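Structure first, then comments.
Owing to the predicted nature of the structure, the values given are computational and were not obtained by experimental measurement. Residue numbers count from 1 along this sequence.
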Amino acid sequence: MQLGRTLKTALSVAVIATGALALAGTTTAQAKKKTTTKPVTIYLTRHGETTGNVMGRVQGWSDFPLTRNGLQVANNLGRGLKGKTFKAAYAGNLTRQEVTAKHALKYSGNAKVKVNISKYLREGGYGSFEGDSIATDNALIAGVYGYKDGNEMMAKQGKDYWTKLQDAYFTLDNQNSQKTTLAAGDRAESSRQVQQRMAKELKQIAKTTKNHGGGNVLVVSSGMSINEYLATMAKDYTGAPLKNASVTKLTYKNGKLAVSGKIGSLYYVDKGAKLAK
């Protein structure tokens with residue numbers, strides 16, 4: 001009888017010890033997982049030069065391709081990013097955005113990283129004004145706010161210029177100033193629509209990356225949509241035009257994205273251009 005009680009006690013102690021070790025192992029694994037999560041940094045990038053840029057055309061959702069110079073700039077961006085490991089990559093659903101992302105990944109040593117395509121990262125839509133000459137539309141757009149031309153509008157609006165520009169397209173297209181039969185869903189977006197889709201998508205990208213251990217993410221979008229997004233959240237935002245393949249770094253912390261460093265930096269492109277020589 002005494003022997004039976006002794007064996008039962010010993011077995012109970014062994015079970016408790018095993019459970020304690022398992023719990024300790026789980027706790028250690030959780031702690032290790034928590035400590036190995038890297039910060040999330042998004043490299044928000046404008047696409048390379050396009051035929052539409054060179055010709056001074058309103059691009060929006062229209063699919064203008066990169067020029068030879070645009071491809072070279074995308075390659076230089078990649079060279080400048082050499083040494084950066086990208087956990088993921090995203091681009092809008094326009095050729096200029098996807099091709100820029102692929103070339104930047106290839107020349108930075110991240111060719112195996114897949115480019116995820118999202119329509120929410122594309123340029124602002126301009127509806128009936130797509131493909132128009134920017135110079136021709138300038139006076140009409142500026143007139144919405146009582147300015148004589150685009151230059152006066154830019155000077156007076158300052159950091160609000162890009163959102164006001166988007167809203168002018170929205171206002172005129174909804175008034176059907178161009179007298180087109182374009183469907184409602186294809187007409188110009190408002191700045192609010194662009195800002196909301198950009199903000200939602202970028203935050204989702206950041207959250208997804210964090211849930212997969214964190215790291216760097218390349219995101220390629222367009223000048224207007226990036227500017228309109230930054231106007232909502234960047235403290236030092238001035239509304240200065242973004243050059244092709246310029247980079248704005250965003251960091252994700254406590255559920256929020258914030259700009260880290262210079263807005264629209266050409267550091268990586270310039271570095272890559274020097275390395276290419």
Side-chain angles (χ1 to χ4, degrees), residues 38-124 134 198 201-202 205-206 209 215-227 229-230 240-251 259-277:
K38 298 177 182 178
V40 175
T41 302
I42 293 176
Y43 289 71
L44 182 57
T45 309
R46 187 189 174 198
H47 59 75
E49 179 190 85
T50 68
T51 55
N53 291 149
V54 174
M55 296 185 295
R57 295 289 171 180
V58 177
Q59 295 185 95
W61 296 350
S62 298
D63 213 7
F64 288 87
L66 295 183
T67 61
R68 289 187 180 183
N69 182 57
L71 289 171
Q72 187 61 48
V73 168
N75 295 345
N76 287 338
L77 170 63
R79 292 186 182 99
L81 288 167
K82 191 84 172 179
K84 302 286 183 187
T85 299
F86 287 99
K87 185 72 169 284
Y90 295 80
N93 63 344
L94 298 167
T95 300
R96 58 188 183 268
Q97 299 168 330
E98 182 180 359
V99 172
T100 297
K102 287 182 175 179
H103 278 250
L105 289 170
K106 177 182 177 181
Y107 283 84
S108 66
N110 292 275
K112 292 183 179 180
V113 176
K114 175 188 174 183
V115 179
N116 298 286
I117 304 300
S118 169
K119 67 180 182 180
Y120 302 114
L121 296 170
R122 63 184 171 183
E123 180 62 294
I134 294 174
M198 286 286 289
E201 189 71 351
L202 286 166
I205 288 169
T209 305
N216 298 323
V217 186
L218 177 67
V219 176
V220 180
S221 185
S222 292
M224 280 280 286
S225 51
I226 295 175
N227 260 307
Y229 166 70
L230 292 175
L242 297 173
K243 294 192 175 181
N244 293 114
S246 60
V247 175
T248 301
K249 287 201 289 185
L250 307 176
T251 53
V259 173
S260 175
K262 183 180 178 181
I263 291 174
S265 172
L266 289 175
Y267 171 79
Y268 298 105
V269 172
D270 292 341
K271 179 183 177 182
K274 290 178 182 178
L275 292 173
K277 291 180 179 179

Exercise. Determine whether Phe64 and Met55 make a side-chain contact, defined as any pair of heavy atoms from C-beta on separated by less than 4.5 Å.
Key: yes

Quiz item: Do you know which two heavy atoms are closest between Ala74 and His103, and how far apart they sit?
Solution: CB-CB, 3.9 Å

Quiz item: Distance from Tyr90 atom OH to Gln97 atom CD, nearest 0.5 Å?
Solution: 15.5 Å

Quiz item: So among Leu44, Leu266, Leu77, which one has a side-chain contact (heavy atoms from CB on, under 4.5 Å) with Val247?
Solution: Leu77

Quiz item: Would you say Arg96 and Ser222 make side-chain contact, with heavy atoms under 4.5 Å?
Solution: yes

Quiz item: Which residues pass the salt bridge (charged side-chain N to carboxylate O under 4.0 Å, His left out) test with Lys87, sequence neighbours left out?
Solution: none

Practice problem: Might you point out which heavy atoms bring Thr251 and Ser260 nearest each other, and give the distance in Å? | Solution: CG2-CB, 3.7 Å

Quiz item: Does the side chain of Arg122 come within less than 4.5 Å of Ser225's, by heavy atoms?
Solution: no

Practice problem: Check Ile42, Thr100, Leu105 against Leu218 for a side-chain contact (heavy atoms from CB on, under 4.5 Å) and give me the one that passes. | Solution: Leu105

Quiz item: Do the non-hydrogen side-chain atoms of His47 and Asn53 ever get within less than 4.5 Å of each other?
Solution: yes

Quiz item: Does the side-chain contact (heavy atoms from CB on, under 4.5 Å) test come out yes or no for Leu66 and Glu49, once each step is laid out?
Solution: CA-CA 6 Å; Leu66 295 183; Glu49 179 190 85; over 6 Å; no

Quiz item: So do the side chains of Met198 and Leu121 get within less than 4.5 Å of each other, counting heavy atoms only?
Solution: yes

Quiz item: So, the side chain of Thr248 versus the backbone of Gly264: is there a donor-acceptor pair under 3.5 Å, distance only?
Solution: yes

Practice problem: Examine distances only and state if a side-chain atom of Asn216 and a backbone atom of Thr85 form a donor-acceptor pair shorter than 3.5 Å. | Solution: yes

Quiz item: Between atom CG of Asn227 and atom OG of Ser221, what is the distance when rounded to the nearest 0.5 Å?
Solution: 10.5 Å

Quiz item: What are the two closest non-hydrogen atoms of Val115 and Ala91, and how far apart are they?
Solution: CG1-CB, 3.8 Å

Quiz item: Looking at CG of Leu250 and OH of Tyr43, how far apart are the two atoms once the value is rounded to the nearest 0.5 Å?
Solution: 11.0 Å

Quiz item: Which distance, rounded to the nearest 0.5 Å, do you find between the CG of Asn76 and the CG of Asn69?
Solution: 9.0 Å

Quiz item: To the nearest 0.5 Å, how far apart are NZ in Lys102 and NZ in Lys114?
Solution: 10.5 Å

Exercise. Determine whether Leu242 and Ile263 make a side-chain contact, defined as any pair of heavy atoms from C-beta on separated by less than 4.5 Å.
Key: yes

Quiz item: Does a sphere of radius 6.0 Å around OH in Tyr120 hold more than 12 heavy atoms from other residues, nucleotides or ligands, not counting ones at 6.0 Å or beyond?
Solution: no

Quiz item: With a 4.5 Å heavy-atom cut-off, do Val269 and Ser246 have their side chains touching?
Solution: no

Quiz item: Taking atom CG of Leu81 and atom OH of Tyr107, what is their separation to the nearest 0.5 Å?
Solution: 14.0 Å

Quiz item: Do Asn110 and Ser108 have side-chain N/O donor and acceptor atoms under 3.5 Å apart?
Solution: yes

Exercise. Quick one: do Tyr268 and Lys84 satisfy side-chain contact (heavy atoms from CB on, under 4.5 Å)? Show the steps, please.
Key: CA-CA 11 Å; Tyr268 298 105; Lys84 302 286 183 187; 4.1 Å; yes

